[in-house]
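In what follows, a single structure is set out as structure tokens and then discussed.
Quick note: numbers below take in every heavy atom, side chains included, and nothing from hydrogens, waters or symmetry partners. Since this is a predicted model, take the numbers as computed values, not measurements. In what follows, chains are A, B, ... by sequence order, proteins preceding strands, each numbered from 1.
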Amino acid sequence: MADVAVDAPLTKLSAALAARRRAGEVVVAPFLTAGDPDMDFTFEALATAERAGATLCELGLPYSDPIADGPVIQASYTRALGGGATLQGVFDLAARAAAQLTMPLVAMTSYSIIYRRGIERFVGEAAASGLTGLIVPDLPIEESASLASACRGAGLGLVRLVTPTTPPERAARIAAETTGFLYCVSVAGVTGERVSLPQQLKDRVQWLKEQTDVPILVGFGISRPEQVQEVGAVADGVIVGSALVRHLEAAGQTAEHRAAALAAIERHVGDLVAAAKPA
Amino acid sequence: MSTVTTSPTGPSSYSQVPDPLGRFGDYGGRYVPETLSAALDELEQAYAEAAADPAFQSELSDLLTRFVGRETPLLFANRLTEHVGGAQIYFKREDLNHTGAHKINNTLGQGLLALRMGKRRIIAETGAGQHGVATATACARFGLECVVYMGAEDVRRQAPNVRNMRLMGAEVRPVESGSRTLRDAINDAMRDWMGSVETSHYIIGSVVGPHPFPKIVRDFQSVIGKETVSQCQRDLGQMPEMVVACVGGGSNAAGMFYPFVDIAGVRLVGVEAGGRSAEPGSHAASLSHGQPGVLHGSLSYVLQNQDGQTSDVHSVSAGLDYPGVGPEHAYWHDAGRVEYTSVTDAEALDAFDLVARKEGILPALETSHALAWTIREAAKLPREAAIVVCLSGRGDKDAAEIARLRGFSEDMTHG
């Protein structure tokens with residue numbers, strides 16, 4: 001990462017993460033579906049999350065066949081696409097957020113969407129819209145050379161994932177290739193809230209910290225303040241997806257539902273951030 | 001859109017795929033969540049060892065003989081040939097396999113692989129239900145737990161197969177998301193596998209999905225083409241002019257074509273589901289109307305919109321109602337080795353009727369697509385020419401639905 005330009009999008013992401021690490025605070029990274037129920041709502045939700053203390057936000061690009069996602073995010077993607085969400089709409093939203101908010105945004109997207117747009121074009125448009133990085137959960141390292149090269153060229157982060165089923169030598173290789181942060185998946189399975197996190201998670205994160213200096217964020221199954229404390233004891237931060245996306249379920253119905261959804265997001269993120277401050 | 005180029009190294013090299021990364025030319029690969037990477041590596045390793053193990057090969061071969069009833073006959077369809085008045089039409093009778101279709105060739109092979117890997121729980125997806133039945137059958141035979149995902153729309157269309165799966169102890173889980181068809185069943189099967197990968201094996205039913213599935217399924221299905229090559233040598237004394245198979249995901253076609261691709265001069269034709277029309281959403285002809293894209297773990301031809309969202313598709317046959325196609329077909333398509341075409345729902349239904357009446361065989365609606373094209377094209381060929389059609393499955397599962405579409409009365413459909 002040493003050769004990344006100062007004004008590169010990735011620099012903004014890395015700086016935000018580094019600031020939390022210096023302050024001894026756990027990073028809280030909410031995930032929100034772009035366009036559920038519409039892009040204006042998503043912008044307000046991002047602003048709300050920032051106000052509540054989120055370090056960064058993951059913006060989920062709705063996809064018709066998300067095999068890594070559980071029922072909550074899958075249903076959210078279906079609502080967003082049904083409401084007319086397009087890739088151009090997501091880039092426009094990202095640009096608006098980049099202009100008016102300070103926290104970095106990272107896009108979570110299927111490789112199907114990137115491939116169809118064309119790798120160079122997608123990366124160019126993502127960087128131009130102010131996104132700081134990409135998370136591509138269906139793109140393993142073996143298939144990622146072209147996208148990694150394009151992201152390097154555009155100064156965009158390409159966040160890699162390690163999972164409980166990743167063998168150690170492979171995890172080390174993934175940790176060496178990730179930029180921005182390393183996404184540590186807590187459980188083998190799809191996205192969604194879990195009552196308890198696996199015992200071995202702390203050991204895995206501890207081991208990963210010995211492999212890389214890049215911040216490690218843990219995601220999948222995290223929804224509650226006590227989990228933030230538990231995971232934050234070893235990792236740099238948490239990613240919270242399905243539990244927040246659940247608040248979007250009725251947001252498209254009326255103005256009251258919309259306001260209630262924003263209030264729920266503010267409260268939920270606020271509770272997680274409160275748990276993330278040093279004791 | 002990214003450029004795709006395919007450059008076969010020579011006219012006889014079509015069978016030398018995939019490469020170690022699972023590439024058929026530029027197609028194939030492995031676009032899956034990291035959670036599945038280790039299991040796919042393990043499967044690749046287990047398959048390589050099994051393929052080189054004479055004991056595995058002999059166990060599979062014995063099952064194919066005694067349990068499935070192979071080899072399947074190559075039948076001269078004399079009354080159909082006479083009716084059409086052109087080339088001689090032969091049927092490769094995969095409908096005579098135990099469970100009534102070619103799908104069992106693959107599920108027994110993969111079931112044995114699961115046993116080798118010590119995985120006692122099997123997941124499968126199914127469209128028409130033929131793969132689901134074949135998986136339930138293999139699981140019953142091997143004593144494995146079996147969960148089959150099936151689109152709710154297909155559960156309705158293919159009720160007899162749902163019943164048969166349950167009778168053999170499989171759990172059938174209707175999938176209510178998306179278009180409630182094969183594509184959604186694959187999504188849910190993959191999601192299940194994400195959470196159960198350490199104890200479960202996913203028996204994918206076609207030459208689709210991430211590497212090494214397209215290769216494994218093709219290899220297990222290649223028994224169709226291998227038998228056909230030797231039957232042609234023995235019974236016809238020569239290779240056929242043309243070999244025809246229907247293509248949804250493309251497993252019967254891949255199994256039939258693969259042993260022929262390096263035999264020069266044999267025309268290979270894959271017939272896709274043309275549905276109601278060539279309008280987007282009205283068909284399922286990925287190679288005829290789609291373009292390169294990533295779906296369900298591999299790069300191939302897909303039907304999707306400009307943002308990469310998978311399109312809704314339609315076919316009267318549940319087994320062809322799929323917006324993608326196996327990556328090896330994409331390779332053969334671009335290399336020009338196999339011709340891909342399509343016929344409509346109505347043409348397939350007419351072919352079903354004709355073959356039922358002329359040959360005393362109720363073909364599956366999927367198979368009826370290959371038959372429809374054959375009937376049309378055979379008339380243009382000289383009488384000395386021979387066409388082999390892969391009669392991939394029997395149509396019992398479709399009979400009630402076709403009778404309904406044809407307006408037969410209830411007592412006739414059930415009598």
When you compare the side chain of Arg117(A) with that of Asp307(B), does any pair of heavy atoms fall below 4.5 Å? yes
Selection from Val197(B), Leu295(B), Val302(B), Asn187(B) maximising heavy-atom pairs under 4.5 Å formed with chain A: Asn187(B)
Under a 4.5 Å heavy-atom cut-off, does chain B meet the side chain of Thr78(A), its backbone, both or neither? neither
May I ask you to name which of Gly308(B), Gly297(B), Ala189(B) has the most heavy-atom pairs under 4.5 Å with chain A? Gly308(B)
For a salt bridge (charged side-chain N to carboxylate O under 4.0 Å, His left out) check, start with the C-alpha distance between Glu34(B) and Arg170(A), then their side-chain angles and the critical distance, and finish with the verdict. CA-CA 10 Å; Glu34(B) 172 62 21; Arg170(A) 185 177 167 89; 2.8 Å; yes
Who wins among Leu139(A), Asp65(A), Leu87(A), Thr166(A) for the most heavy-atom pairs under 4.5 Å with chain B? Asp65(A)
Looking at His296(B), Met190(B), Gln306(B), which makes the most heavy-atom pairs under 4.5 Å with chain A? Gln306(B)
Please state whether the side chain, the backbone, both or neither of Gln74(A) comes within less than 4.5 Å of a heavy atom of chain B. side chain
Find the distance between CG (Leu299(B)) and CD (Glu143(A)) and round it off to the nearest 0.5 Å. 8.5 Å
What I'd like to find out is whether the side chain of Ser64(A) reaches to under 4.5 Å of the side chain of Gln304(B), using heavy atoms alone. no
Check whether any side-chain heavy atom of Pro33(B) sits under 4.5 Å from a side-chain heavy atom of Ile67(A), and report yes or no. yes
Would you indicate whether Lys202(A), at its atom NZ, is surrounded by more than 12 heavy atoms from other residues, nucleotides or ligands within a distance under 6.0 Å? no
Arg191(B) side chain vs Asp69(A) backbone, donor-acceptor pair below 3.5 Å: yes
Distance in Å, Leu36(B) CG paired with Thr165(A) OG1, rounded so as to fall on 0.5 Å steps: 7.0 Å
Please confirm whether the backbone N or O of Gly189(A) pairs with a side-chain atom of Thr35(B), one donor and one acceptor, at under 3.5 Å? no
Is Glu210(A) atom CD crowded by more than 12 heavy atoms from other residues, nucleotides or ligands, each under 6.0 Å away? yes
Contacting moiety of Pro62(A), where chain B heavy atoms sit under 4.5 Å: backbone
Taking C-beta and beyond as the side chain, do Tyr115(A) and Pro292(B) meet within less than 4.5 Å on heavy atoms? yes
Using non-hydrogen atoms only, which part of Asp192(B) is less than 4.5 Å away from chain A: side chain, backbone, both, or neither? neither
Mind ranking Pro164(A), Ala75(A), Pro66(A) by heavy-atom pairs under 4.5 Å with chain B and telling me who comes out on top? Pro66(A)
Cut-off 4.5 Å, heavy atoms of chain B, and the answer for Leu81(A) is side chain
Ignoring hydrogens, what is the shortest heavy-atom contact between Gln309(B) and Tyr63(A)? Give both atom names and the distance. OE1-CA, 3.3 Å
In terms of heavy-atom proximity below 4.5 Å to chain A, should Glu198(B) be classed as side chain, backbone, both, or neither? side chain
Is there a donor-acceptor pair under 3.5 Å between the side chain of Ser112(A) and the backbone N or O of Val294(B)? yes
By a 4.5 Å heavy-atom criterion (distance strictly below it), what part of Pro140(A) contacts chain B: side chain, backbone, both, or neither? both
Less than 4.5 Å apart, any side-chain heavy atom of Asp138(A) and any of Val32(B)? no
Between Ile141(A) and chain B, with a heavy-atom cut-off of 4.5 Å, which part of the residue counts as in contact: side chain, backbone, both or neither? neither
